[in-house]
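The structure appears right after this line, and notes come after that.
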There are 2 protein chains.
Amino acid sequence: MPGRIQSVERAAAILNLLASGNRRFGVVELSRFLDLPKGTVHGILATLQHIGFVEQDRVTGKYQLGASLLHLGNSYLDVNELRTRAINWADSLASRSREAVQIGTQHDGKVLIVHHVFRPDDSAQSLQVGVLLPSHATALGKVLLANDPSRDPAEEDWALVTGLTITDPSRLEIELAQVLVAGWAQEIGEAVDGEAAIAAPIRDDRNLVVGAIGIRGAIERFSYDRQHVRPELVALVQDAARAVSRDLGAHRG
Amino acid sequence: MPGRIQSVERAAAILNLLASGNRRFGVVELSRFLDLPKGTVHGILATLQHIGFVEQDRVTGKYQLGASLLHLGNSYLDVNELRTRAINWADSLASRSREAVQIGTQHDGKVLIVHHVFRPDDSAQSLQVGVLLPSHATALGKVLLANDPSRDPAEEDWALVTGLTITDPSRLEIELAQVLVAGWAQEIGEAVDGEAAIAAPIRDDRNLVVGAIGIRGAIERFSYDRQHVRPELVALVQDAARAVSRDLGAHRG
DNA sequence: TCCCGAAGTTCGACAATGTCGAACAGCACG
DNA sequence: CGTGCTGTTCGACATTGTCGAACTTCGGGA
């Protein structure tokens, strides 16, 4: 019988639910979400627990994600070609720009951060690898959206992240069109209050955009008028993006 | 039918295999490892690919881990109580000791790093969250082994990591006994050439050891004679461990 | 103190489900 | 142009997971 394996898909649905709120879930709660008998859900949970993908709180009986997933996620980083190739250039971009560097891929309509270099000379930063960020509010996301031919612009609805986030679809489309021709994107205070970012696309050997690299930091260092970012920084990001693309086998630009 | 769900366990076995070498695996290769028909393996892989847990190289047809796992692993960190409670104390330990801080849990006989604070004023460090380290060669691991009542000392065989790694079981047992009474462990050049580490146990509300916190850095800063570490550093680590334990609800020191 | 409700867990019958292995298709090498 | 690898498809079979009712445990009200 060809097709998807039901129990594996259900197990994945449970894991995704568990990942969706940072809290523990009960059996009946999960069974309501998935519209499945609680006996069935319990059986899957018992299996997932046995393999370490979920853990059960010994006092409340509720379930949460398990430690094995942390190691699996980390192992993914080792085989991610984009990240492997980009690491060296990311370090260099960080030291030249003196800002934090992020590398992201499109995942599920959002931006998945696969690499993060801290800003030099500043250790009070939190690590972002593995985080999913909203596409429309980040420079990385705008680059990925603008270069994604297979998306449906009408479909999504964009949530407000900060007061400055672009939520109007038509205004976003205009900006994405500009990003596409310019070859880079900016973002000023749209994702985090007081922070700005710049990003440029990374292309593979078929010249398809497979990711984006960018820098992020305080608005004051990125922009003098809170409208336009400093061209020197844009040039640094574009140089890094081109260098990574070349490493991945891209031919043009 | 109570018990484990076969297909889910098989899917997990495939994921673990894929995580075990940083390379791509073919269908037949996996089917040989698991002793399953390749049709079966292919069906599971197709499902795992559909849910984003594995990805297929479009040119070679081989499989590797998928990006969804990175996000799931990161989500695990949000619900990990040990990590949540320990973060603040870890930052403080890092700034007091001026060394990199690690927090680890026992997982599969090894040490799983769940949190990592970079050494202040030094940005050339690689992130370790999600990494599995050998127990017998690290200070964190020694603390966890010494406090694990359910392990079988005879069973394991300890691999050489550096020239200084302890591989003799009886010598290791003696050291673990000392760790247990002293309440902390050291490690000098046994995991990484030129690096030393100190760790102490973290206890939960039942006074069981659920993790360990420690610092790691260049041997020269940790020890003057390459035999004993500086007592001031040990005191800092023990203070931090006690503080985290108190946060977790532990009663006695 | 008792009862009720809601939680997590167990269990067995049923049939839907995943498994198996042979056959197919595509590629690289000789 | 065959030969030996891949990864993939397919259908029959019976193993396997699913379902839902019954059990147990816990905690809050009455």
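Heavy-atom basis, side chains included; hydrogens, waters and symmetry copies ignored. Order of the sequence lines sets the chain letters (A, B, ...), proteins ahead of strands, with each chain counted from 1. This structure is a prediction, so every number in the text was calculated from the model and none was measured.
- Two residues are said to be in side-chain contact when any heavy atoms from C-beta on lie closer than 4.5 Å; B/Val129 and A/Leu70 meet this criterion.
- One N or O on the side chain of B/Thr47 and one on the backbone of B/Gly43 form a donor-acceptor pair closer than 3.5 Å.
- Shown for residues 15-29 of chain A: residues whose heavy atoms fall under 4.0 angstrom of DNA chain C, namely A/Gly26, A/Val27, A/Val28.
- The separation between A/His42 atom NE2 and D/dG20 atom C1' is 15 Å, rounded to whole Å.
- Side-chain contact between A/Val161 and A/Thr138: absent, with no pair of heavy atoms (C-beta onward) separated by less than 4.5 Å.
- If you check residues 47-62 of chain A against DNA chain D, you find no residue with a heavy atom closer than 4.0 Å.
- Protein atom OH of A/Tyr63 is 14 Å distant from nucleotide atom P of C/dA7, rounded to whole Å.
- Partner A/Asp57 forms a salt bridge (charged side-chain N to carboxylate O under 4.0 Å, His left out) with one of A/Arg24, A/Lys62, A/Arg23 and no other, that one being A/Arg24.
- Using modelled atom types, one side-chain atom of B/His136 and one backbone atom of B/Ala159 make a donor-acceptor pair closer than 3.5 Å.
- Counting only distance, with no hydrogens or angles, the side chain of B/Glu55 and the backbone of B/Gln64 share no donor-acceptor pair below 3.5 Å.
- Side-chain atoms of A/Lys38 and base atoms of D/dG20 include no donor and acceptor less than 3.5 Å apart.
- Rounded to an integer number of Å, the gap from CD1 of B/Ile14 to C1' of C/dG18 is 13 Å.
- Other residues, nucleotides and ligands contribute over 12 non-hydrogen atoms within 6.0 Å of the CH2 atom of A/Trp184.
- Within residues 5-13 of chain A, the residues that place at least one heavy atom under 4.0 Å from DNA chain C are, in residue-number order, A/Ile5, A/Gln6, A/Ser7.
- For A/Arg85 (side chain) and A/Asp247 (main-chain N/O), a donor-acceptor pair under 3.5 Å exists by modelled atom type.
- When the C1' atom of C/dA16 is taken as reference, atom CZ of A/Arg4 falls 19 Å away, rounded to whole Å.
- One atom, CD1 of B/Ile44, and another, P of D/dT8, lie 14 Å apart when rounded to the nearest Å.
- Mapped onto DNA chain C by nearest heavy atom, A/Gly39 and B/Thr40 fall at different nucleotides, with A/Gly39 at the one closer to the 5' end.
- Looking at heavy atoms from C-beta onward, A/Arg58 lies in side-chain contact with B/Arg206 at the 4.5 angstrom threshold.
- Rounded to an integer number of Å, the gap from CG of A/Leu36 to P of C/dT17 is 12 Å.
- Of the possible donor and acceptor atoms, none in the side chain of B/Arg203 sits under 3.5 Å from a partner among the backbone N and O of B/Ala250.
- A donor-acceptor pair is defined here as one N or O able to donate and one able to accept, closer than 3.5 Å; no such pair exists between the side chain of A/Asn80 and the backbone of A/Tyr76.
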